[in-house]
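Written below as structure tokens is the structure these notes are about.
As the structure lists them, so they are numbered: ligands from 1, and atoms in each ligand from 1. Computation of the quantities below employed the complete heavy-atom set of this structure, encompassing side-chain atoms and omitting hydrogens, waters and symmetry-equivalent molecules.
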Amino acid sequence: MNKTPHVAIVGATGAVGVEMIKVLERRNFPVGELTLLASARSAGKKLKYNGREITIKELTKDSFGGIDIALFSAGGGISKEFGPAAVEAGAVVVDNSSAFRMDPDVPLVVPEVNGADVKNLRKGIIANPNCTTAITLMALYPLHQKFKVTRVFASTYQAVSGSGAQAIEELDRQVSQIVKGEEVTRDVYPHQIAFNALPHVDSFLEDGYTREEMKMENEGQRIMHHPEFKASVTCVRIPVYRAHSIAISAEFEEPVSVERALETLEAAPGLDVVDDVAKNTYPLPLIQAEQDNCAVGRVRKDCALENGLCFWVAGDQLLKGAALNAVQIAEALVAQE
Ligand SMILES: NC(=O)c1ccc[n+]([C@@H]2O[C@H](COP(=O)([O-])OP(=O)(O)OC[C@H]3O[C@@H](n4cnc5c(N)ncnc54)[C@H](OP(=O)(O)O)[C@@H]3O)[C@@H](O)[C@H]2O)c1
């Protein structure tokens, strides 16, 4: 891999894409050249990178000549259609969509958990995990290493930016309509999201779970290399702009204690322990927004499980759940010999 790669961002104008530009800047990623790609709607517009204006180009199959790393963030259909063209042109694709996550020839990577899997580049594509899964694993995986997790029961509290830029506008618009006493209009969600909670993220499967809910088990198994891991999840969209939170009850093979759990979590990379209930201190999405680290708190023995712990994790899903994780993968690619 070129040590100063030519990077392309596919979906540069989206909620994740604009964060990717900022993360590349903030982490001083050794960008040789940056190409910004989006739909024909955005072609010709400009975005700033390190103070320099870059003109957005329309994504086509010929967009990838000379590109070393292509960070895809424009939806699964675009990844399936254009990812292989990028690989054929010589780029390594880091894909944010769910298009390739369950492909056994495509590593699914959270660098703090299975960073070494970046080496298994059979298809030239590396998948970035589902956002709630990545944020959950930042706390669950260190506990798994110590106590061996068997299963989790979880509920998620997901921000609207997880549905993209249009959903942020929808929450803004609905709040303003309600304040002005106007009729509430909606385009993105099946119900009003302002001042509401929707137990519905992604499409429903025949068994009643949603696709999003099954990602924690399916992707968790691959990322932790733990094929027996089970997860029963209810995903809920809430009117928060940015950062997802997850309430988790985890059962372990080995006996657990809160003290040992906290010790383990304190030592975990990319994770802050925020846990002092006497001072009303616990992770909050409002505080985690725009933070690279995730936060864990409310750690306690689960009163209904044999070897169980309950905890609450919050993290910025546009960062650890998407842009930051993708750039960390790109950093691992550049660091490879
Ligand atoms: N939002 C999150 O928290 C999050 C977290 C993890 C993963 N992801 C995944 O990341 C991807 C992007 O999500 P997002 O939230 O950033 O969505 P978004 O805000 O709706 O942005 C979508 C991006 O895709 C581009 N795009 C759409 N149609 C295109 C086309 N035909 N050709 C080229 N570009 C096209 C858009 O360009 P225009 O502006 O020109 O339309 C825009 O840049 C999705 O696969 C999503 O599942 C998102």
Sub-6.0 Å ring centroid separation between Tyr49 and Phe29: no
Are any of the side-chain nitrogens in [X] or [Y] under 4.0 Å away from the carboxylate oxygens of its partner?
X	Y	result
Asp292	Arg26	yes
Glu112	Lys320	yes
Glu170	Arg173	yes

Decide if atom CD of Glu266 counts as having more than 12 heavy atoms of other residues, nucleotides or ligands within a radius under 6.0 Å. yes
Which word best sums up how the rings of His144 and His226 line up, parallel for under 30°, tilted for 30 to 60°, or perpendicular for over 60°? parallel
As a test of reading the model: which residues have a non-hydrogen atom less than 4.0 Å away from ligand 1? Gly11, Ala12, Thr13, Gly14, Ala15, Val16, Ala38, Ser39, Arg41, Ser42, Leu59, Ser73, Ala74, Gly75, Ile78, Asn96, Ser97, Ser161, Gly162, Gly164, Ala165, Gln317, Leu318, Gly321, Ala322
